[in-house]
2 protein chains.
Amino acid sequence: MQSITIKDVAREAGVSTATVSRVLNRNGYVSHEVRQQVLAVVKRLNYQPNALARSLKQERTRTVGMVLPDMTNPYFMAVARTIQRRLLAHGYRLFYMDCDEDAEREREAIRVLQEMRTEAVILAGTGGNADAVARMIEAGRTVVLIDRTIDGIRADAVTDDNAGAADEAAAYLLGKYGPRFGIITGPRSTSTSRERAAGVKRALERAGCPSDPALWYEGDYTRRAGMEAGHYFLGMNEPPLAVFSFNNEMTYGFYLAMKQRGLPLDALEVVSFGELDAAPLFENRLSVIRQHPDQIGEAAADIVVSRLEGGAEGEPVQRVIMPALETASR
Amino acid sequence: MQSITIKDVAREAGVSTATVSRVLNRNGYVSHEVRQQVLAVVKRLNYQPNALARSLKQERTRTVGMVLPDMTNPYFMAVARTIQRRLLAHGYRLFYMDCDEDAEREREAIRVLQEMRTEAVILAGTGGNADAVARMIEAGRTVVLIDRTIDGIRADAVTDDNAGAADEAAAYLLGKYGPRFGIITGPRSTSTSRERAAGVKRALERAGCPSDPALWYEGDYTRRAGMEAGHYFLGMNEPPLAVFSFNNEMTYGFYLAMKQRGLPLDALEVVSFGELDAAPLFENRLSVIRQHPDQIGEAAADIVVSRLEGGAEGEPVQRVIMPALETASR
DNA sequence: TGTGAATGTGTAAACGTTAACCTACAGGCG
DNA sequence: CGCCTGTAGGTTAACGTTTACACATTCACA
């Protein structure tokens, strides 16, 4: 229950708490014998320093918080893992919170991270908490947005070139199939979906093609939405000749719909933001826009570290990662 | 930077810190006007209580730690998500640490969680840190093992009936194909793999079949290991008629190997512990042993809550979840 | 021989909360 | 009128660390 404190160690070793602290933190002068003596007692009593007290006194937690919309999405987990490794190497711990694409839980997560005094917050936001984020920045906390930006928020950010990649992909589809391809978007509340949609429209306009609203299906980045979009498109009188899906989960859902309708999965070409784990296992005509999650993670971690170690001041940094379109082999 | 403290709020509102604390924690008597006044100041200053100080004083963090071997494995994430939801409902936060199946990082994670004074630790252990876990229990901390147990450790645990399920699966394969099926195990250091292996052996013995060492491949629960096992088995002069894989990731790897070798993925039957996300998308003869991650998560969360709220004392609780073998349709 | 730097150790004041304890006033009741 | 109870709010001592400061001792050097 109640743990061993530095006082217990000090008493047992016959020294003051200051000395124990000095031994443990390797600062100040301590003689060799005393040091050995203290370390022996620490080991014998299995003493674990109280990080709460330490952080309170030092006013540093060496902890970074991260709020993710979906921990079951391998894309976000890949980003998170890279960030964690990188931060660990610099002596910071990462505290994940999953908010399930829910703005309310996201707000709560942000609150908790602030109360825990995490030194920075990395956020892939739902878009619903601009005010809370703004207050956080205003209070001088380091905030790094990843993947998604938030309207009206000027903060460090690491994002994909969504418009560019979507433009390229749409142009590719246009060239191959003309304008009759379906688009499965994410929720309008996310910057990624809005930017990707803008990219597609740009490509269509450049080619002088009108955009047919019937070919746009607004999903919400979930598997289920992808499936529903699939049934919508495949049930049309004149189904589209190809489909552009704005994330990996919806792509998976789309393929499920094809399967349910008894269509061969290579019946039409699909272009997808984000990779599909399952892709190598089935016949398909899947083109993928690789988002390089580790590049995003590395960039985010680097920004956090430089803000925390170097001066916290300075204009917001914007890092844009270039996704790569990898087209289906046939 | 340095945040607003309860003192600032107190000064601004013209009351003592005790009163502010009372308002915030809804205990003790505070008049309506003062309460409104304080809340207004809290809002205006955007005051965030310091959880470090609070926890230090109260000697409660309302935080539970969780150490996972692999955050990219959807099975563990499903367990984690259920636990988080359940704990949140009881007012606890969950702090995940990923240790990447590495005993050293696991040890480090356990240390950090103890220093943070998480009130309980939920552990899916690599098996390499029995001593650290023993010390943690000895120190009176609540520890719940999930999925895997640790040799020589008596603690609360939520596990699958691994031996039973493996026995059933092996018996099923024996009846259908005789003893010539391959087995891809996990690392010997994990209790799950040992128990599953024991189950298979039990079934073989009962049937009076000798166990052929050439049909056992020791993997390490990674995709890569499954792939290597695949090439090993499929490259044999007389390849096995079916394969039993001890986890989902290795199953995925096995299918990759089949693909690489140009075999149709339904060329032989595979029985796998844990589900495969991709399964619905390709032709296969996959039988799955469902492990019910949410049942495991619920049970683990319930044990934690009852230990933390009710008496911490009492004999270790052992909850065994029954996995369900779901055989391939053909 | 005095002086200053380097080394070694203790004392005590923070860090931001909470909660035990105290004071004070009102009103009800015998 | 005295006393108890309920309400309202202030004072202050913790919680377990770190660290500024103080005090010794040793040793080199002028």
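Heavy-atom basis, side chains included; hydrogens, waters and symmetry copies ignored. Residue numbering restarts at 1 for every chain, and letters A, B, ... go by the order of the sequence lines.
Within the 4.0 angstrom heavy-atom criterion, base atoms lie near A:S21.
Look at A:R107 and A:D131 and you find a salt bridge, because one of the NZ, NE, NH1 or NH2 atoms lies within 4.0 Å of a carboxylate O, short of that distance. Using a 4.0 Å cut-off between charged side-chain N and carboxylate O, B:R85 and A:D98 make no salt bridge. With salt bridges taken as basic N to acidic carboxylate O contacts below 4.0 Å, one links B:R111 and B:E108.
Contact annotation: the side chain of A:S3 approaches that of B:R117 to within less than 4.5 Å [non-hydrogen atoms, C-beta and beyond]. By the 4.5 Å heavy-atom criterion applied to side chains, B:Y75 and B:D70 are not counted as neighbours. Using a 4.5 Å heavy-atom cutoff, the side chains of B:R154 and B:E315 are in contact. Using a 4.5 Å heavy-atom threshold, the side chains of A:M66 and A:I83 count as touching.
Side-chain N/O atoms of B:T5 include none lying less than 4.0 angstrom from OP1 or OP2 on C:dG16. Regarding contacts with the backbone of D:dG10, a side-chain N or O of B:T19 is found under 4.0 angstrom from either OP1 or OP2. Contact annotation: B:S31 side-chain N/O to D:dG9 OP1/OP2 distance is under 4.0 Å. Within the 4.0 Å cut-off from OP1 or OP2 of C:dT7, at least one side-chain nitrogen or oxygen of A:Y29 is found.
The CZ atom of A:R22 sits 11 Å away from the C1' atom of D:dA22 (whole-angstrom rounding). Rounded to whole Å, atom P of C:dT18 lies 9 Å from atom CG of B:N27. A:R11 has its CZ atom 15 Å from the P atom of C:dG10, to the nearest Å. Rounded to whole Å, the distance from NZ on B:K7 to P on D:dT11 is 13 Å. One atom, CG of B:D8, and another, P of C:dT17, lie 9 Å apart when rounded to the nearest Å. Atom P of nucleotide D:dT19 and atom CD1 of A:I6 are separated by 11 Å, given to the nearest angstrom. Taking atom CD of residue A:E59 and atom P of nucleotide C:dA14, one finds them 13 Å apart after rounding to whole Å. Distance CZ (A:R26) to C1' (D:dT17): 17 Å, rounded to an integer number of Å.
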### side chain to side chain donor-acceptor pair (under 3.5 Å) assessment of B:S306 paired with B:D302
CA-CA 6 Å; B:S306 73; B:D302 288 348; over 6 Å; no

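When each of B:S16 and A:N25 is assigned the nucleotide of DNA chain D bearing its nearest heavy atom, the one mapping closer to the 5' terminus is B:S16.
Across B:D100 and A:R81, no two heavy atoms sit closer than the pair OD1-NH1, 3.2 Å.
Here the side chain of B:D8 pairs a donor or acceptor atom with the backbone of B:T5 at under 3.5 angstrom.
In this structure, the nucleotide among D:dG9, C:dT9, C:dT11 sitting nearest to the side chain of B:V30 is D:dG9.
In the helix from C:dT1-D:dA30 to C:dG30-D:dC1, the terminal helix axes, each the rotation mapping four pairs' C1' atoms onto the next four within five end pairs, subtend 60°, rounded to 10°.
For B:R117 against D:dG16, no side-chain N or O and base N or O form a donor-acceptor pair under 3.5 Å.
A heavy atom closer than 4.0 Å to some atom of DNA chain C occurs in A:L56, A:K57, these being the qualifying members of residues 36-58 of chain A.
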